[in-house]
Structures are given as C-alpha cells and as structure tokens.
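No experiment lies behind these values; they were computed from the predicted model shown. Note: hydrogens, waters and symmetry copies are ignored here, and every other heavy atom, side chains too, is used.
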2 protein chains.
Amino acid sequence: MPYDPSAFPPFAVTVDLVVLTVRRHALCALAVRRGEPPFQGRWALPGGFVRADEDLAQAAARELAEETGLRAHDPAVPVQDNGAHLEQLATYGDPKRDPRMRVVSVAHLALAPDLPAPRAGGDASNARWAPVEELLQQGGYGRDGEPVVPLAFDHAQILSDGVERARSKIEYSSLATAFCPPEFTVGELRRVYEAVWGVALDPRNFHRKVTGTPGFLVPTGGTTTRQGGRPAQLFRAGGATLLNPPMLRPEV
Amino acid sequence: MPYDPSAFPPFAVTVDLVVLTVRRHALCALAVRRGEPPFQGRWALPGGFVRADEDLAQAAARELAEETGLRAHDPAVPVQDNGAHLEQLATYGDPKRDPRMRVVSVAHLALAPDLPAPRAGGDASNARWAPVEELLQQGGYGRDGEPVVPLAFDHAQILSDGVERARSKIEYSSLATAFCPPEFTVGELRRVYEAVWGVALDPRNFHRKVTGTPGFLVPTGGTTTRQGGRPAQLFRAGGATLLNPPMLRPEV
DNA sequence: AGTGTTTATCGTCAGGCAGACGACTATGAT
DNA sequence: ATCATAGTCGTCTGCCTGACGATAAACACT
C-alpha cells in the first residue's frame, strides 16, 4: 500500500468529553446547549476540534479547562492536586455520525469533585450538570414536565459508555477518590460509590473494606463533622491506583 | 464555536491492529515488514487507512481479513463461529507520531486461535507471528543473534497497551476462549491463561474454577486425546461474557 | 441536663471461595 | 508390565464477604 497523500480521505478529528461528578447523591454529567445546527438548541457533550499541533490528551485537557476551569490531572504527575482525572474513553467514527462531514471523535472521560460550577463561554444557561439517567432516558417527560429530548449526535452512546467505564473502573481502582475533594471521609467516599452504582452499601462493611485495602486511603489526622453526627476521620487518596482485592459491586 | 469547514485541520485516520494468538506456549502478535519509508524494512503492526464510507470497526475488520483471512466475530451475532474477537483498543494521535503528516490511528485488538498462517499480500516473508516479549524488548539481541530493532512508529506502545488489555480482560471475561478453537479442553484453556499471563497455574484448581463458573463452558460430550495422557472432555464457550466471580491472576 | 437523631466505628459470626496438595484415572510410549 | 503424561475428584485451611449487633461522639431539641 503506497503512501499517496491524495489516496486517503481527510477527516475532521474532535474530542468530546464525558465529565462526571456526584451531586446531591446522583451521578451527573456536564452538558452544553448547542448554539448552531445541526441539533441546534439540543444538549450535547462538550467538545471541539483537535488543533494541528495538539496531542489528543492535550486537546481534551484544553477543552476541559475551557468548559469547567478544571485542570487535568496529569497521570505522569503522582501528586494529587485538585485537578480532575482525565482518560481516553473510546473513538467514534461512524460515517454518518455528523451530517455535515466525516468527523472522528475521540471521547475522553473526566471525573471531578462536586465543587465547580459549569461555565460555557460565561453563559450559565448553556451549560449544566444533569443526572445521567435524565440525559440517557429515552422518550417520556423530565422532572420539569418538558418532553425529554435526546442528546445530539451519538452523544447518548458516548455518555453511556463513559458511565459504564466509570462504574466498572471504581471497582478495581482508586478512581472513586477523583470524585472527592482532596480530603474526605469514608462516608463521603461511600456516598460516591452509592451514587455511581445506584445502590445502597452497608456502612460498616464498606468502612472495613476501604480502610483495610492497603494504599487506598491514608489518614490525614484531622476530623470533620460536616456530614453531621459523630466526627469522622479525614483521609487523602493513597498511592495505590489498583485495588487488590477489588471493591465488589452488589449483584443485580 | 462556529462550524467553518476550513477552521479545522485535516487528519488522516488509520486503523492499526494488535492481533494476538497463542503459539507454542507463548503469546504472539502479528507483525508485518514495512516496504516503504519511513521505517522501511522495520517490523510494524498491520493497518491501513480508513476509507471514506467505512466505520472504524468495519475498517479494522477489513484489515484483519486482508492480513490474516480471519473474519471478525461480530459482537452483535452471538453465534460462536471461527471468527476472531475484535474490539477497539485506543486511539493514538501524537502530532509527531508519523513524520510525514498528521495521522490519528485507532488501534484495535484482535484475538485469534493458533491456526491461521500469516499472509501479507501473499508474501510470507513480510508477515510473521512473533512472541510479544521479542517485539517489545528494547535493545540487546534476539534469539537469532541479530540486534533487536524496535517496532516502527509508536507501535511498541500500541502493542504494549493491547497486551495489557488482553491480560486484564481474560480475568473477568470469557475472552480467553477466543484464543481457542471452537472445541477445546480445560487444559488447552489453561495453557492460554498461562501463556497470556506468563505464569503457571494449578491444573486442579483451574479445572474446578472454570467448570464451576456458570456459563463459561458447556461440554460438547466429546473427548480428545490430542494432548496425550488421559482423554479430556471437550467444551465450547458458553454464553457468558462476564465471569462472576472472575479468574484471579496470581500476584507478583 | 436529658432525650432523640445522625453518622462513625468496632466486633462477631457463618458461608463461600481460593490456594495447597493428595489421590485416582485413562491414555500412549518403552 | 512399567512409566510418563494429562485429566479429574476431594480435602483442608485461611481469608474475605455479607448480615447485623453494639458502642461512640457529635448536634438538635425540649
């Protein structure tokens, strides 16, 4: 196969972001409203073109910063700053996924603590955190009584894949701590698991499990009562990235 | 961000394949020799351009058929034919990964039984199965005394990621059966795990585990003695894709 | 001050699974 | 016949998990 520069079709390459966070006991994703056709006015995942001199991860980190102000947590830097976790998710390249032209989108998954408020070009009405079930639900009516409009393009598929990745990855990695602030309690971490998996977990067994898994959590010495009740010990994420043995997601 | 068709840089999009098989107790990958610059004469992963009207998975399946004659096993078709398992791996888009132009490569992972002989354009000397440690080793000299030449482009990274994916995925899925012929024995399946993980497994515990995992294996009723020793029961892959509980890879 | 509520944390117990390993079976090779 | 090879069935012990009782330390009432 000789390399004739005119022998291959040109593609547009974009990055799309599945940005997940946990708010009010629910797993939420960042959605932005489209300002132009196609799918004008519909909600979509944030994203944009990859620039000529950019790596894919750089492009994703840039888009993440533009949309949320979050700095991406560089996996090469072991320091746990307040940056978000960012990883490549999958690539979507159906010839008809964008009606205008051939676009290949490299989707990325970002996990962030609750804190940041969305900002899309400074216009808050064009960006929001929405529960993923709401964004993924098909047909019917939302909580506000409005009919549910599906996400633009194939973004429902991308979001679904991102959520599934997050759900499975917190089983065997310490990724759930990416949803937490730098210091957090065991109960806060448990509520992350409960929100992402959509289940209730036994606080006693959960406490035993996470504090007994080497490298998962390191106590900071401090305590907090911000959740009410008895003061809870504060922890930071330990160095371990792979949990052994893994957390077990309850069946069915 | 308005959609100006001239506002984005054009990319070439390719698919690269990590085709793995188990031969002679070793995990092997398909490598092809490059006929043109850059990296002329070096070994590389098979791959090629995505065509204008092709989905990414279609392009990968087409390349796989061209290089090996294997039909891809469509995940939508639950029938277990003798096609290979094929899944998307990751996408590589460093601006400098190809010195000629901006190329984004969507790597795919394929798993195949031992049977097929490589064929790259009918020329056997330009395609071979090589043990992955040999392809990934840096510096030094190979078994033939020749100095080790690394794979072209970033293909060592891609191969490494593909091998890691395979190693982890046979833990919690029935993917290891993709390395086996349609009918196989417990011992043959065990040798797959041993080759992919590079460890020795206890035959008795392995037998208990795989035959006790619901949906993993279904007996065909036949037996074989092709491995020597006492005749072994033959099995086909069961319907289960996710193993619960998973196979456990020995530590360290 | 006492009582209730909330959350955190420690303990106990039974069942299940995994690793280590002994024993037996059924074939082919010498 | 004997050996080598590979497959299959059991046993035992330790660890982990799920279910759940009990205690601890805060706050909000009254």
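Among residues two or more places apart in sequence or in another chain, the ring pair (Phe, Tyr, Trp, His ring centres under 6.0 Å) test is passed with A:H108 by none. Legend: residues meeting salt bridge (Lys or Arg N to Asp or Glu O under 4.0 Å) with B:R191, ordered by chain and number and at least two apart, are absent. By the side chain to side chain donor-acceptor pair (under 3.5 Å) test, A:T91 is found to be paired with B:T91, residues two or more places apart in sequence or in another chain being considered. Checked against side chain to side chain donor-acceptor pair (under 3.5 Å), A:D154 has the following partners two or more places apart in sequence or in another chain: A:R97. Not counting sequence neighbours, the partners of A:E134 by the salt bridge (Lys or Arg N to Asp or Glu O under 4.0 Å) test are A:R128, A:R143. Scored by the side chain to side chain donor-acceptor pair (under 3.5 Å) test, B:E87 finds B:H85, B:R165, B:K169 as partners (sequence neighbours excluded).
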Can you give me the N/O atom pairs linking the protein to nucleotides 28-30 of chain D at distances under 3.5 Å, or say none if there are none?
none

At a cut-off of 3.5 Å, list every protein nitrogen or oxygen paired with a nitrogen or oxygen from nucleotides 26-30 of chain C, distance to 0.1 Å.
| from | atom 1 | to | atom 2 | distance (Å) |
| --- | --- | --- | --- | --- |
| C:dA26 | N3 | B:R230 | N | 3.4 |

**OP:** Give the B/S/- string for nucleotides 12-22 of chain D, one per nucleotide from 5' to 3', where a protein heavy atom under 4.0 Å of the base yields B, of only the sugar-phosphate yields S, and otherwise -.
**Re:** -----BBBBBB

Using residues 209-221 of chain B as the side-chain source, report each donor-acceptor pair under 3.5 Å to any protein atom, sequence neighbours left out, with the distance given to one decimal.
| from | atom 1 | to | atom 2 | distance (Å) |
| --- | --- | --- | --- | --- |
| B:K209 | NZ | B:P246 | O | 2.6 |
| B:T211 | OG1 | B:H207 | O | 2.6 |
| B:T211 | OG1 | B:R208 | O | 3.4 |
| B:T213 | OG1 | B:K209 | O | 2.8 |
| B:T220 | OG1 | B:G222 | N | 3.3 |
| B:T220 | OG1 | B:L234 | O | 3.4 |

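Contacts between residues 212-221 of chain B and DNA chain C, counted as heavy-atom distances below 4.0 Å, involve no residue at all.
Annotation: side-chain hydrogen bond (donor to acceptor under 3.5 Å, both in side chains) contacts involving residues 195-204 of chain B, sequence neighbours excluded, comprise B:D202-B:R204.
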